[in-house]
4 protein chains.
Amino acid sequence: MSTDAQDTASTPTRIRRAAEEILAEGGYEALSMRKIASRIGLSQAAIYRHYKDKDELVGTIVAAGYAELVALVERLNEKGGSPAEILAHTVRAYVGWAEERPELFKALLLREVRPASAGVAGLAPGVARRRRTFGLLADLLARGMEEGLFARADPELTAQAVWTSIFGLAARLVLEGELPREHREALIERQVNIIVRGLSP
Amino acid sequence: MSTDAQDTASTPTRIRRAAEEILAEGGYEALSMRKIASRIGLSQAAIYRHYKDKDELVGTIVAAGYAELVALVERLNEKGGSPAEILAHTVRAYVGWAEERPELFKALLLREVRPASAGVAGLAPGVARRRRTFGLLADLLARGMEEGLFARADPELTAQAVWTSIFGLAARLVLEGELPREHREALIERQVNIIVRGLSP
Amino acid sequence: MSTDAQDTASTPTRIRRAAEEILAEGGYEALSMRKIASRIGLSQAAIYRHYKDKDELVGTIVAAGYAELVALVERLNEKGGSPAEILAHTVRAYVGWAEERPELFKALLLREVRPASAGVAGLAPGVARRRRTFGLLADLLARGMEEGLFARADPELTAQAVWTSIFGLAARLVLEGELPREHREALIERQVNIIVRGLSP
Amino acid sequence: MSTDAQDTASTPTRIRRAAEEILAEGGYEALSMRKIASRIGLSQAAIYRHYKDKDELVGTIVAAGYAELVALVERLNEKGGSPAEILAHTVRAYVGWAEERPELFKALLLREVRPASAGVAGLAPGVARRRRTFGLLADLLARGMEEGLFARADPELTAQAVWTSIFGLAARLVLEGELPREHREALIERQVNIIVRGLSP
DNA sequence: AATGAATGAGACTTCATTCAT
DNA sequence: AATGAATGAAGTCTCATTCAT
């Protein structure tokens, strides 16, 4: 968020940034300690002073990316509007974020979730209490149900179903890359439309 | 599960099977010619008699997996029923298939699509003509629209939107692994419900 | 020399031809039994029916190439003319042959000579008796000396010295590849001139 | 021969030495990173810390060899004497150097010259300006021409013709290996004689 | 806090050759 | 006379990580 000059940033930050750059340029497979080190003019060994191992480094990046995504969703919820509007905005914002940072999205969401409870797992029951985004989404849906805008149903379960839909769209867009702008937008709107209508009473 | 008799199978088959096993156990990153060879007690070089290189081997596996999926969808469409029923069956079958062969699903659908036109790309315009599954899905939706069951809209675009939803659900289930059976089913039904209602006029 | 149709030629011949083609296209390093076999639609193992091993195959090719070169030099000597003229023609023909079949030239002359006595070794004493080309060259020089055209000296030693000069020119032309036509010719003529004048009394 | 103490030398030096040894024993084809590593009791990967890849390692060796050769020729030109004498000394020194370091000579001069302009290419026009040895040789010949010792001709072209002759002699001596000392010397002197007389007015 | 050096494992691929059929 | 299958060795290179300084 803060745009420090690269040279004055702390070493861990510079490492993280370099890693993100490489991730963005060449994908996860291209990310190696060697490349990170050479990009910031540091020895490979130096990285281990700041991050226990590659897993920890990747973990940090992923966590930061996740926080970004959470902030994005929070902001939308604070802006106000009808639940359906907020939902539509959220879909667009989520997809847009994925397309802007495709490699981060992949690193974040297209990887195995080791212990099912940890990380970005979103399908387990009770997730609305543990994960901020799901809590917000479930609350939003619950409000819509109370207002008679959406059909009554389990808000958490519904949040999960909606999320998998959005996630699927974002994932395909990221994985398939370039698509005609017009078609891409039509697709998003069609999806938004199906979801919103699908929730209606 | 069903066709054992590993020792009597042809070498290419044994190679393919070993590759799928490794894929299933450790994911794509774990797949190496070395491991395949040692697993079936063959020299590394021997593999190259049967598959030009790693790409060809993976390609064969992926193609077979895709064919399986196509056959599955075709069978459902032939069985008859209302478009909404067929659609619901398709979602369940697709998700079920993904969960049964998680690593194949990942190898097939969670990888980058290099030239957007090739491979499993599903979002490009005109895909209904090129890809059997999309053609079937678009036809199904068109029929539903004609019958007044679904709201009128571009069938291909709608097929793509529906597919990304289903794909998203399958992908999350595969990536997150174990989930309570009951919850898993509730989730699928909720998703089916949203999609079908989302399409209704 | 005889231009048989490839299909009717004997298998050993087809093998040899394929090997020469590969040699010409990609150099010695590119020559492999696998490539030869695939080029003529034969199994690798089949080659071993006709040639004991790679060495024998290469040996055969080299021998044939050498015979070609010998025939070339013989023809020039039979055509008549003054020794100086024949010598000049020989230089031009030798260099021209090398440039026409660069890979054969390299396989023939730019490789180690294992037992110093064998193969294409040309510097050992007595070579004029053992090797046809050297015999011809030495005879030519001897005739020139008798005619008072060339300064008197050991004909064999002189033949060797002259040959290394020509060989050096041919080798450099082959190794350095493309050169402006004009410059190439000027270079050859300059070399011919130096040699002929260098032999003059 | 002179600077032993292999154990105390720096790793890059030890790598280079091992490479040269292997080159000397088995030629370029025998040179492999594996062999180098095992010879100095290092892991293969360790070599890559000191040389980017095989090309860089070979390049370093070749460059050093070339520098050696240049220094040799320079020294002879500085020692003084008549152009004919210097030329004769140069031929002897060049051939002697080739015989002392046969594998280096082969690695340096018996390899393909990829882009005709680069590397050790000597036949292209204008080489006298680009390559120190050729410049020296051309200057030497020009001086001889001015002094009326050599017939007037293009000095660069003449230098190239002379060089190919010398190169041819050195190459054959290196390729054919052992030769009776006496015969070898007679051969060199005969070649020197032909060249010097060939240049005379 | 950082470095240079090294490691061991592993990646894919190609080679000449052999053997049973 | 030929094939398909297999082998063992070798090739270059990259990786995450460790350790002494």
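Lettering of chains follows the sequences in order, A, B, ..., and the numbering in each one begins at 1.
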Exercise. May I ask you to decide whether B:Arg39 forms a salt bridge with B:Glu25, counting only side-chain N to carboxylate O separations under 4.0 Å?
Key: yes

Quiz item: Between C:Gly41 and D:Asp55, which is nearer to the 5' end of DNA chain F once each is assigned its nearest nucleotide?
Solution: C:Gly41

Exercise. Identify the two heavy atoms, one from D:Glu103 and one from D:Gly27, that lie closest to each other, and give their separation to 0.1 Å.
Key: OE1-CA, 3.3 Å

Exercise. Find which nucleotide of DNA chain E each of D:Leu42 and B:Lys52 is nearest to by heavy atoms, and output the residue with the more 5' nucleotide.
Key: D:Leu42

Return the value, rounded to whole Å, for the distance between atom [atom1] of [X] and atom [atom2] of [N].
{"X": "C:Tyr51", "N": "E:dA16", "atom1": "OH", "atom2": "P", "answer": "16 Å"}
{"X": "A:Gln44", "N": "E:dA6", "atom1": "CD", "atom2": "P", "answer": "14 Å"}
{"X": "A:Leu57", "N": "F:dT17", "atom1": "CG", "atom2": "C1'", "answer": "14 Å"}
{"X": "A:Arg49", "N": "F:dT21", "atom1": "CZ", "atom2": "C1'", "answer": "11 Å"}
{"X": "A:Met33", "N": "F:dT17", "atom1": "CE", "atom2": "C1'", "answer": "8 Å"}
{"X": "C:Glu29", "N": "F:dG11", "atom1": "CD", "atom2": "P", "answer": "13 Å"}
{"X": "B:Ile15", "N": "E:dC12", "atom1": "CD1", "atom2": "P", "answer": "14 Å"}
{"X": "C:Ile36", "N": "E:dA16", "atom1": "CD1", "atom2": "C1'", "answer": "11 Å"}

Quiz item: Touch check for B:Leu31, heavy atoms < 4.0 angstrom, all strands: base, sugar-phosphate only, or nothing?
Solution: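 Sugar-phosphate, no base atom in range.
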
Practice problem: Using a 4.0 Å heavy-atom cut-off across all strands, classify C:Lys35 as base, sugar-phosphate, or nothing. | Solution: sugar-phosphate

Self-check item: Intermediate values then yes/no, side chain to side chain contact (heavy atoms under 4.5 Å, CB included), A:Leu175 and A:Lys106
Solution: CA-CA 9 Å; A:Leu175 287 172; A:Lys106 283 190 284 183; 4.1 Å; yes

Quiz item: Can you check whether A:Leu69 reaches A:Phe105 side chain to side chain, under 4.5 Å on heavy atoms?
Solution: no

Self-check item: Residue D:Ala45, side-chain heavy atoms: nucleotide from F:dA2, E:dT7, F:dT7 that is nearest
Solution: E:dT7

Would you say [N] has OP1 or OP2 under 4.0 Å from some side-chain N or O of [X]?
{"X": "C:Thr11", "N": "F:dA1", "value": "no"}
{"X": "B:His50", "N": "F:dG4", "value": "no"}
{"X": "B:Ser43", "N": "F:dG8", "value": "no"}
{"X": "B:Ser32", "N": "E:dA11", "value": "yes"}
{"X": "C:Lys54", "N": "E:dC15", "value": "no"}

Quiz item: Can you find an N or O donor on one side and an acceptor on the other, under 3.5 Å apart, linking the side chain of B:Arg34 with the base of E:dG10?
Solution: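 For B:Arg34, whose side chain was compared with the base of E:dG10, there is a donor-acceptor pair (under 3.5 Å).
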
Quiz item: Which nucleotide, in any strand shown, forms a Watson-Crick or G-U wobble pair with E:dA5, with both distances under 3.5 Å?
Solution: F:dT18

Practice problem: Begin with the C-alpha distance, continue with both residues' side-chain angles, and end with the deciding distance and a verdict on side chain to side chain contact (heavy atoms under 4.5 Å, CB included) for B:Ile36 and B:Leu57. | Solution: CA-CA 11 Å; B:Ile36 295 169; B:Leu57 171 54; 3.6 Å; yes

